[in-house]
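Computed from a predicted model, the values in this text were never measured in an experiment.
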Amino acid sequence: MNVRIFTLDGAHREHVARWSAGLRALDSGIHLEVSADLALAARALWLGEPFVVAGSPTALNHYFDSFESSALTILEDCAYCWVLTNLPKYRHPRIPRDRVVALNWNADEQNVVYERLQVLKIFSRLAGLSRHMHHLRQEIMRIAEGRKGPWSPVLILGATGSGKEEVAQALFKVSERGNRPTDMQCISGSWLNVDPGLGLSEILGIEPGVASQVHGRPGLVELFSEGALFVDDFETAPKSVQETLLRIISTPKNQPAPYRRIGGREDRTTNVWLLFATNANVDQLLQDDRLREDFMYRFEDRVLIVPPLQKRPADFPAIARWIWRQLWDVPEEKALPVPLGSDALRQLSTCNLAWEGNVRTLRAFLALVVSMKKLPIHNQHALSTLFNIILQRGKTYKEWVGIVASDVFTGGPHSAISPLAEDICAAPCESEARLFLTQPGWEQLEKVVARLSGRKPFSRDGIRRRLAQIICYVEQMPSIEIADAQALSQMSNTQARNDLRALCATGLLRKATKDSSRNNARAIYVKNEHFFVSTRNT
């Protein structure tokens with residue numbers, strides 16, 4: 001697990017180092033990354049990782065005062081952010097008392113961080129740093145305690161795409177059944193509703209010879225007697241199946257549930273653990289007689305509620321980055337992964353989208369962006385441009401999905417690339433570089449192009465396109481290395497180094513880490529703010 005500690009001033013580095021060592025001593029598996037990069041600290045909430053900000057009260061006040069509204073929304077919801085200072089009762093109006101905890105490095109308070117990180121480590125499948133997700137993890141741990149069986153059913157409530165199945169999987173893994181050979185089977189109530197008799201036989205099994213050409217087979221309650229059965233949208237299952245499941249979960253505590261196969265004459269027993277989920281309104285289900293009222297009493301206090309994505313703003317960066325890595329992790333493809341930067345996440349979070357399908361809608365949106373990024377016509381665009389192209393079609397998935405059959409997606413004659421594309425005859429990356437740079441910055445870039453164009457065999461257009469790609473990359477990411485520039489331009493390592501040095505010499509970039517082959521330090525370059533226009537203002 002990665003935890004970042006940002007030092008906001010240099011006066012307390014020794015205190016921070018000593019406090020960090022105390023946290024490492026509690027768990028060697030926690031990877032602590034101490035950083036003095038203030039620009040990165042400003043984007044800490046968009047990294048999707050737990051973090052600590054350390055410094056004097058003055059430095060901390062300046063840090064929190066600089067937050068814009070989108071970052072403040074995440075801070076107010078974040079349950080995995082801590083403040084480390086020398087003032088025992090440090091407070092700031094923007095720090096929620098019940099989520100962002102102020103720690104004093106003069107006291108041994110690493111356990112406060114350690115205990116919360118242990119909860120986060122256990123649930124690696126449940127991405128997100130929100131208070132809702134933290135409370136949900138705690139509830140899962142409470143419900144997972146003790147022996148499980150038919151007498152301890154669990155109900156999971158949440159909107160479609162909010163992650164109910166992920167919650168069920170996490171609950172099963174941390175329970176005493178998580179280490180058994182028998183796994184958890186996931187089924188849908190509507191699947192059981194294809195035919196009431198067939199659905200019942202899937203649950204209970206069927207004896208051989210019940211009808212001609214019918215072979216006997218076990219049901220799911222028998223196959224997963226030592227595991228779990230997750231029934232999603234269980235209210236759509238036929239009444240006969242609901243009544244059968246009700247009888248199973250009505251079993252007294254610590255006793256197996258009796259049942260009979262279809263056509264059977266002898267009772268069998270099962271220890272199956274039943275988990276149910278629905279996105280429907282339970283009160284409405286009871287009112288419409290689609291769910292038996294005594295069904296609800298069996299869950300007692302074992303009910304988990306998964307809030308929609310809109311109510312979990314602090315989960316957005318972590319979930320988006322997790323999805324992004326999955327979308328690029330395709331072994332058979334050779335496409336170079338593109339980082340999902342903080343600026344891109346900030347832009348997406350401020351679009352006021354409904355996310356009607358929750359995580360599924362977010363995944364669908366990011367999948368469209370990745371697909372476009374892999375096309376030659378779009379691979380030089382910044383992510384912000386691709387976001388705008390998609391969102392111009394609307395704010396729901398139904399409006400986005402049609403883009404794959406349009407000229408915009410394939411780069412046809414009617415595709416909207418950039419407002420400057422018609423004014424300057426340039427590649428997309430050059431148009432976007434022009435958007436990112438101030439007028440003096442663009443003039444400096446042209447000077448670099450003119451100077452380098454005298455060195456054959458590179459043409460002026462090729463050099464401009466190469467340098468524009470670097471400009472676009474640095475605008476999205478906090479820094480660029482020689483290897484990054486080489487991957488962007490497909491040039492040699494030497495040429496990529498020369499390109500970066502040329503941009504650095506004119507002031508468009510500045511070197512953040514010295515290039516020293518003697519100690520193998522990396523050459524890292526960052527943008528010079530004097531020449532760059534903030535993308536939030538373009």
Just so I know, are the side chains of N104 and T85 near enough to count as touching, which here means a heavy-atom distance under 4.5 Å? no

Note, S35 side chain near T7 side chain (heavy atom, < 4.5 Å): no

List in chain and number order the residues that pass salt bridge (Lys or Arg N to Asp or Glu O under 4.0 Å) with [X], two or more places apart in sequence or in another chain; answer none if no residue qualifies.
{"X": "E76", "answer": "none"}
{"X": "R18", "answer": "none"}
{"X": "R116", "answer": "none"}
{"X": "E356", "answer": "none"}

Quick one: does [X]'s side chain have a donor or acceptor within less than 3.5 Å of a partner on [Y]'s backbone?
{"X": "R321", "Y": "L340", "answer": "yes"}
{"X": "S162", "Y": "P307", "answer": "no"}
{"X": "R363", "Y": "A320", "answer": "no"}
{"X": "T438", "Y": "G441", "answer": "yes"}
{"X": "D329", "Y": "R325", "answer": "no"}
{"X": "D77", "Y": "S130", "answer": "no"}
{"X": "W400", "Y": "A364", "answer": "no"}
{"X": "N528", "Y": "G507", "answer": "yes"}
{"X": "K311", "Y": "H132", "answer": "no"}
{"X": "K164", "Y": "A159", "answer": "yes"}

Closest approach of [X] to [Y] (non-hydrogen atoms, all atoms of both residues):
{"X": "Y473", "Y": "S479", "result": "CE2-O, 3.4 Å"}
{"X": "L32", "Y": "L23", "result": "CD2-CD2, 3.7 Å"}
{"X": "A354", "Y": "Q310", "result": "O-CD, 3.6 Å"}
{"X": "A36", "Y": "R13", "result": "CB-NH2, 4.1 Å"}
{"X": "H134", "Y": "A79", "result": "CB-CB, 3.9 Å"}
{"X": "F532", "Y": "L508", "result": "CE1-O, 3.2 Å"}

Chi angles and distances behind the side-chain contact (heavy atoms from CB on, under 4.5 Å) call for V119, M141: CA-CA 9 Å; V119 175; M141 293 181 69; 4.2 Å; yes

Measure the acute angle between the ring planes of H92 and F64, then classify it against the limits of 30° and 60° as parallel, tilted or perpendicular. tilted

In terms of side-chain heavy atoms, does D9 have a donor or acceptor partner in S56 at a distance below 3.5 Å? yes

Going by salt bridge (charged side-chain N to carboxylate O under 4.0 Å, His left out), name the pairs with one or both residues in residues 23-44, residues two or more places apart or in two chains. R4-E33, D27-K121

Just jot down the side chain to side chain donor-acceptor pair (under 3.5 Å) partners of T396, sequence neighbours excluded, or say none. E399

Take F6 and Y63 through the test ring-ring contact (aromatic ring centres under 6.0 Å, His included) and record every step on the way to the result. CA-CA 11 Å; F6 297 102; Y63 176 74; 7.9 Å; no

Take L126 and E166, measure what side-chain contact (heavy atoms from CB on, under 4.5 Å) needs, and give me the verdict at the end. CA-CA 7 Å; L126 298 179; E166 289 294 329; 4.0 Å; yes

Under 6.0 Å from the six-membered ring centre of W328 and within 45° of its axis: does the NZ or CZ of K374 meet both? yes

Count the heavy atoms belonging to other residues, nucleotides or ligands that lie under 6.0 Å from CD of E14, then report whether that count exceeds 12. no

[X] [atom1] to [Y] [atom2] distance, which is reported to the nearest 0.5 Å:
{"X": "D343", "Y": "R346", "atom1": "CG", "atom2": "CZ", "result": "5.0 Å"}
{"X": "R137", "Y": "I140", "atom1": "CZ", "atom2": "CD1", "result": "8.5 Å"}
{"X": "T385", "Y": "I390", "atom1": "OG1", "atom2": "CD1", "result": "11.0 Å"}

With the threshold set at 4.0 Å, does a side-chain nitrogen-carboxylate oxygen contact exist between D499 and R466? yes

